[in-house]
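Remember, predicted model here, so these are calculated numbers, not experimental data. In each ligand, atom 1 is the first atom listed, and ligand 1 is the first ligand listed.
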Amino acid sequence: MYRTHTCGELRGKDVKTDVVLSGWVQKVRDKGFVVWVDLRDRYGITQLVFDEERTPAKLLAEARKLGREFVIQVKGEVIERTSKNPQLGTGDIEILVKELSVLNPALLPPFTIEDETDGGTDLRMKYRYLDIRRNPVKDKLIFRSKVTMEVRKYLSEHGFIEVETPYLIKSTPEGARDFVVPSRMNQGEFYALPQSPQTFKQLLMVGGLDKYFQIVKCFRDEDLRADRQPEFTQIDCEMAFVEQEDILNAFEGLTRHLLKEIRGVEVDTFPRMTYDEAMKTYGNDKPDIRFDMRFAELNTLAQHREFNVFNSAELVVGIAVPGGASFTRKEIDGIIDWLKRPQVGAKGMVYVKCNEDGSFKSSVDKFYEQSDLQKWAEATGAKAGDLICVLSGDIDTTRTQLSALRMEMAERLGLRNPSEFAPLWVIDFPLLEKDEETGDYHAMHHPFTSPKPGQLELLDTDPDAVRANAYDLVLNGNEIGGGSIRIHDKKVQSIMFRHLGFSEEEAKAQFGFLMEAFQYGAPPHGGIAFGLDRLVAILGGQETIRDFIAFPKNNSGRDVMIDAPAPIDNAQLIELNLRLREE
Ligand code: ASP
């Protein structure tokens with residue numbers, strides 16, 4: 001028996017018990033007459049003691065030879081500590097060791113395995129298994145497990161069945177590039193890894209399973225923006241005989257359950273906002289509503305003076321930054337420089353300081369009267385002490401820039417409190433999205449998303465106006481879930497494919513199986529998928545998903561621990577009938 005207890009378990013009441021413990025040597029403190037060893041496992045740290053008085057000389061010498069991260073087993077007696085450590089669960093006791101065996105010696109680890117480590121990110125990624133021994137990483141993995149358990153519990157209690165769908169499939173249209181896998185048995189042909197189980201879950205509804213979920217890996221070959229992973233996990237769900245309202249209620253229930261069980265937070269009914277409203281008031285389809293700073297469009301108030309920058313702009317829009325009137329000139333210049341960086345790309349910013357005495361001081365005093373600025377303050381909701389920041393230009397770009405500024409200001413003012421949770425549904429998304437370069441239309445969600453009732457005909461006349469039965473669940477400025485009510489009618493699906501530029505043959509080749517299934521009694525259905533990695537990170541009060549993934553990839557999509565991707569040998573290439581292009 002390797003152990004009778006874990007290293008986090010023993011307390012004062014266990015004094016005088018004989019125990020066996022196994023774990024890793026965290027630290028050896030050799031004071032000459034006494035040697036203390038911190039023994040660590042997943043559950044905690046227990047102090048071992050060897051001393052000249054009570055420990056045989058041979059055993060004491062062995063203890064002195066222990067190095068960091070040696071795996072050892074000890075047998076001994078629990079004794080009361082003379083100087084107790086209230087920071088440690090086991091801090092009242094220590095183990096007077098009577099037998100020691102080294103189960104496996106260890107090389108000196110490349111970084112210290114403690115809460116505060118000296119290892120940089122790259123090194124810790126290369127030795128991820130060592131990093132996982134550290135509390136900050138280990139705790140996040142345990143936290144993730146707790147979240148997934150709660151998801152499974154809630155959904156199965158609500159009648160959902162967990163079904164696995166295949167990984168070796170063919171292209172699913174979530175809008176990213178596929179990862180492909182060559183087939184040896186069918187030479188010259190390739191599987192694609194699922195970007196999501198979208199078509200399969202719809203087929204499960206045709207199969208009559210009614211309520212499905214799966215905690216599932218999805219694969220998207222995208223350029224990795226910060227904090228994206230090429231393989232990530234979804235809580236993927238689908239239901240039959242549902243309308244949008246049923247889905248929103250079901251998954252609001254799940255989210256509410258998670259907030260309560262995991263964070264002890266009870267939230268009111270989630271607000272709902274249309275996509276158009278979100279874009280207009282926050283410049284963003286995933287607004288962080290933990291704080292205000294709503295957009296106020298100022299065109300009518302600002303476009304009647306000699307200020308040509310505004311007069312020629314499609315949109316003049318501002319926000320009131322709380323307390324911002326106290327920013328120094330240097331701080332405001334800093335904000336303007338921040339806005340001008342290529343990542344944001346604004347040309348400049350007009351600002352108005354709302355002084356405590358009710359007067360205004362602006363960067364455009366030459367063009368505007370105090371009474372004009374007063375109206376801007378009313379429109380943006382600015383109070384004395386606030387700073388009104390105004391951007392102008394074409395609608396989409398200006399909104400995006402002001403949205404970035406809004407988030408940055410919130411960050412600087414500490415308004416993005418990670419232990420506050422503000423979920424909301426964004427609904428009524430456009431069905432289609434125009435590629436400005438090619439003029440082609442893409443499905444904003446995916447091609448199986450249904451248009452709002454009665455809007456199918458609009459596709460021919462005004463495709464931009466068509467709204468979809470599509471919704472996103474947003475939490476603290478992050479899209480944590482998205483889904484739609486699907487098309488379940490073959491004719492409608494064909495019309496959609498046509499509008500998305502698929503020829504009949506292409507649609508048949510790629511999605512013939514689904515269209516065929518729709519002819520055998522497809523029930524009305526819809527669903528949603530949550531990004532589990534991000535959901536877990538936000539519930540954990542963090543913004544980066546990487547720490548919540550046991551073995552994440554780096555920003556170039558590499559696993560630096562196993563060194564993947566890697567070339568394959570020639571024999572494998574030949575077997576697959578593949579040849580690498582000569583440079
Ligand atoms: N398959 C979709 C996605 O991955 C989610 C859904 O529509 O249910 O975004």
- Message: Any heavy-atom pair between the side chains of Y441 and D464 that's under 4.5 Å?
- Response: yes
- Note on the structure: By chain and number, the residues contacting ligand 1 below 4.0 angstrom (heavy atoms only) are E174, S196, Q198, K201, R220, Q234, H445, H446, G482, G483, R486, G527, I528, A529
- Message: Distance to the ring centre below 6.0 angstrom and angle to the axis at most 45 degrees; does that hold for K211 and F160?
- Response: yes
- For the rings on Y129 and F551, is their centre-to-centre separation under 6.0 Å? no
- Message: Show every salt bridge (Lys or Arg N to Asp or Glu O under 4.0 Å) that has at least one partner inside residues 514-532, sequence neighbours left out.
- Response: none
- Item | I319 side chain reached by R294 side chain, heavy atoms, under 4.5 Å | no
- Query: Does L204 reach the side chain of F200, with side-chain heavy atoms less than 4.5 Å apart?
  - Reply: no
